Amino acid sequence: MRFRRLPRPVLLGATVLVIVAAVVLLLRRDDGDGGPTPDEVRAVELTALAADDDARLGDLLDGRPMVVNFFAEWCRPCRQEMPDFEALHRELGDEVRFVGVSLDHKRDEAEAMVAQTGVTYPTFFDPRGDVFAVFDGVQLPTTVFVDADGTVRGSHDKILDADGLRDRIAEDLGVAA
């Protein structure tokens, strides 16, 4: 079998693309600390979705670990998982704090999503994705598991049903349901 040589410009272009991709991956890679520091997590500013209860994430860390769920109205898997999050919030609310963060661009869309899914835990509004970026979010849905000290113990960037969420809470936060 005889192989045809690629022209030099094609080889050069492919090499440049590989180098650029490697640099991007190096810049985005986790530096080994599991994400943001506890101080960075506590400093995250949250804009309340339905009320005037803006907060820092650190204000919500009241001795309980926290489940932070990022969602958007246009995200079908988000819509599917949110009732399960609400059910576990009702079951584990004394042991684990649940927080929702909408990435919708319009507040009314986010409020409608919360109402339609029956969520009662605190929800916040992040239309520019600033909070999502702190947690290195890439796709929705994303759920982040934060211990009571503000250390990120894990994250999940796909749909979670009640059993999967229960397993992650036990595994990442040490709370059995």
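All residue numbers refer to positions in the sequence shown, counting from 1. Keep in mind the model is a prediction, meaning the values are calculated, not measured. Heavy atoms only: backbone and side chains are in, while hydrogens, waters and symmetry mates are out.
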(request) Please name the pair of heavy atoms, one in L140 and one in C78, separated by the smallest distance, quoted to 0.1 Å. (result) CB-SG, 3.9 Å
(request) Just jot down the side-chain contact (heavy atoms from CB on, under 4.5 Å) partners of P38, sequence neighbours excluded, or say none. (result) R42, T151
(request) Could you tell me whether the side chain of T123 reaches within less than 4.5 Å of the side chain of V99, counting heavy atoms only? (result) no
(request) May I ask you to list the residues sharing a hydrophobic cluster with L92, side-chain cutoff 4.5 Å, ordered by chain and number? (result) L49, V67, F71, M82, F85, L88, V96, F98, M113, V114, V119, Y121, F125, F145, L160, L165, I169, L173, V175
(request) Go through the side-chain N and O atoms of N69 and E81 and say whether any donor and acceptor fall under 3.5 Å apart. (result) yes
(message) If the condition is side-chain contact (heavy atoms from CB on, under 4.5 Å), which residues does A48 pass it with, not counting sequence neighbours?
(response) D53, D54, F124
(message) Looking at Q139 and D157, would you say the former's side chain and the latter's main chain have a donor-acceptor pair under 3.5 Å?
(response) yes
(message) Check whether D126 reaches the backbone of F132 with its side chain - one donor and one acceptor, N or O, closer than 3.5 Å.
(response) yes
(message) To the nearest 0.5 Å, what is the distance between CZ on R128 and OG1 on T47?
(response) 9.0 Å
(request) Indicate the atoms forming the closest heavy-atom contact of G35 with D136, along with that distance. (result) CA-OD2, 4.3 Å
(request) Report yes if the side chains of V101 and V68 come closer than 4.5 Å at any heavy-atom pair, otherwise no. (result) yes
(request) Could you check M66, R153, R64 and say which one makes a side chain to side chain contact (heavy atoms under 4.5 Å, CB included) with D147? (result) R153
(request) Not counting sequence neighbours, list each pair that qualifies as a salt bridge (charged side-chain N to carboxylate O under 4.0 Å, His left out) and has a residue in residues 86-106. (result) D62-R97, E86-R90, E91-R166
(request) Could you tell me which residues satisfy salt bridge (Lys or Arg N to Asp or Glu O under 4.0 Å) with R76, sequence neighbours excluded, listed by chain and number? (result) none
(request) Would you please name every residue forming a salt bridge (Lys or Arg N to Asp or Glu O under 4.0 Å) with E73, sequence neighbours left out? (result) R79
(message) Working to the nearest 0.5 angstrom, can you tell me the gap between C75 SG and F70 CZ?
(response) 13.0 Å
